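Okay, so here's the structure we're looking at.
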2 protein chains.
Amino acid sequence: MGSRQPLSRSRILDAAVSFADEHGVDALTMRKVADALDFRVMSLYNHVANKQEMLSGMLDVVVGEIDPPATEGSWKDVMQASAAAAHAVLSRHKWAAGEWSKRPPGPHRLRYIESILRILTEAELGPEVVYRGYHAVTMHIVGFTLQEIGYEETLGDNLEEMASAFLEEMGADYPYMAEHVRGHLGDHDHGDEFAFVLGLILDGLDRSTCKTRG
Amino acid sequence: MGSRQPLSRSRILDAAVSFADEHGVDALTMRKVADALDFRVMSLYNHVANKQEMLSGMLDVVVGEIDPPATEGSWKDVMQASAAAAHAVLSRHKWAAGEWSKRPPGPHRLRYIESILRILTEAELGPEVVYRGYHAVTMHIVGFTLQEIGYEETLGDNLEEMASAFLEEMGADYPYMAEHVRGHLGDHDHGDEFAFVLGLILDGLDRSTCKTRG
DNA sequence: ACCTGAACACCGTTCAAGT
DNA sequence: ACCTGAACACCGTTCAAGT
């Protein structure tokens, strides 16, 4: 808590990330971050420009936790593993996916983007498929995680309770949704959906390259 | 502006949506919404519970603008058209995609979800593919739009300028990104990326059904 | 160079008072 | 039933003063 080492940008970002992990990004306040570090608010402004810039820095700290992709293996396996690593990190910092598209990329994210593009380029998919594939893959990583977290948070802790309440109240009006909710509840194993959908995209990219080639 | 009809939940939501469209959701304030309607702040609380609930209502207003899917045609065509309609609406209200995963679904969104599930169910893909397909499709609609808007907003109005500045400064350090940025800048037509990636997903779902069917 | 007290212009929300 | 003045506990940020 109140460790009285001198303040620094890095210590501020770390404290802010921890706070957001624990209390959510909506509760994040310059004053709360300063409190956690046992300094007064205004001191923060000696090391970060303002709250927006601090949030950009926080996201880049998180992106820095994503392991760089493997240097060998089939491109699809490498891509799947790298996406899984990103997914794990974004699941650990539940506020981060929501910030992803709002913040300009910092140094860690630039390197991350570069690594994704490298995988796709070295797969020799052709420039057009690389271009579109990059957007498709990053969209999936961030979008899927965001959706997953959204489910958890809006349904709250008592997931089962909420779901069965929905089934009783509105199940008759929304038959297809009722069926879907039953799918969420049931003990049926849906496997790794994140990897499954990414697989569809990667296979599709592969196939559309073949079409272009031949 | 200051039309002095009596206040109502619906008028408040409409005014708030207009304000967010014009100035962004970060600038949205209870006081500003009240000002736009020529009432005082506190009056809003007679019609909406609080700011969070107002935002949920605003998102549901936006979802209500999405045309319901066609009742005939191949399931992929229907899905593509419905997704395009949603994409158009979310592009018109640039703040909405970012709220999507944060807000509990309102009545319009429940009907929207139901319509997506109906399309997939009637396509006879099998329960497992319907379950995963629903997540994949909604993820794509919201995630892709979010990413598109993020590009626009972080790059700002002077897109070309920013991009060529990046190319000169960091092009050497990030060769793959440099190539990608050139793709964004060039006059090469990339076609409808939104539809293209959704196509990969829909074809993949179709194919994985065939596999399951055996 | 870095920390901070005081201050400013704003927030969301409540509550009692009006009509 | 709906509107509102006053107030409360908070914000982000600036600036001049301290060391």
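From a predicted model like this one, the values you see are computed outputs, not experimental measurements.
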Send over the distance from [X] [atom1] to [N] [atom2], rounded to a whole Å.
X: B:D35; N: D:dC3; atom1: CG; atom2: C1'; value: 15 Å
X: B:H23; N: C:dC11; atom1: NE2; atom2: P; value: 13 Å
X: A:R40; N: D:dT19; atom1: CZ; atom2: P; value: 17 Å
X: A:N50; N: D:dC15; atom1: CG; atom2: P; value: 14 Å
X: A:K51; N: C:dC11; atom1: NZ; atom2: P; value: 14 Å

The side chain of A:Y45 lies closest to which of these nucleotides: C:dC11, D:dT14, D:dG5?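 Of all the options, the side chain of A:Y45 is nearest to D:dT14.
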Check every atom of C:dT13, C:dT4, D:dT13 against the side chain of A:V41 and return the nucleotide holding the closest atom. D:dT13
For Watson-Crick and G-U wobble pairs within 3.5 Å on both distances, what is DNA chain C written in dot-bracket notation, | included for inter-strand pairing? ||.|||||...|||||.||
For a quick check of understanding: with a heavy-atom distance under 4.0 Å over all strands, which category does B:M42 fall into, base, sugar-phosphate or nothing?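 Here B:M42 touches the bases of the nucleic acid.
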Do B:E179 and A:T121 meet the criterion of a side-chain donor-acceptor pair at a distance under 3.5 Å?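 A:T121 and B:E179 do not have a side-chain donor-acceptor pair below 3.5 Å.
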Assign each of A:L44 and A:R31 to its nearest nucleotide of DNA chain C by heavy atoms, then name whichever residue's nucleotide is nearer the 5' end.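 First, find each residue's nearest nucleotide; the 5'-ward one identifies A:L44.
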Short side-chain N/O contact to [N] OP1/OP2 from [X], under 4.0 Å:
X: B:K32; N: C:dC10; answer: no
X: A:S43; N: C:dC2; answer: no
X: B:H47; N: D:dA1; answer: no

Minimal non-hydrogen separation, B:P104 against A:T154, with atom names: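 It is N-CG2, 4.1 Å.
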Is it possible for you to check whether B:R132 lies under 6.0 Å from the centre of the six-membered ring of A:F196, through NZ or CZ, and within 45° of that ring's axis?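 Yes, B:R132 lies over the aromatic ring of A:F196.
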Given side chains that start at C-beta, do those of A:M30 and A:Y45 come closer than 4.5 Å, heavy atoms only? yes
Do A:Y131 and A:H135 have ring centroids that are under 6.0 Å from one another?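 Ring-ring flag for A:H135/A:Y131: true, centres closer than 6.0 Å.
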May I ask you to decide if the ring planes of A:H23 and A:F19 are parallel, tilted or perpendicular, using 30° and 60° as cut-offs? tilted
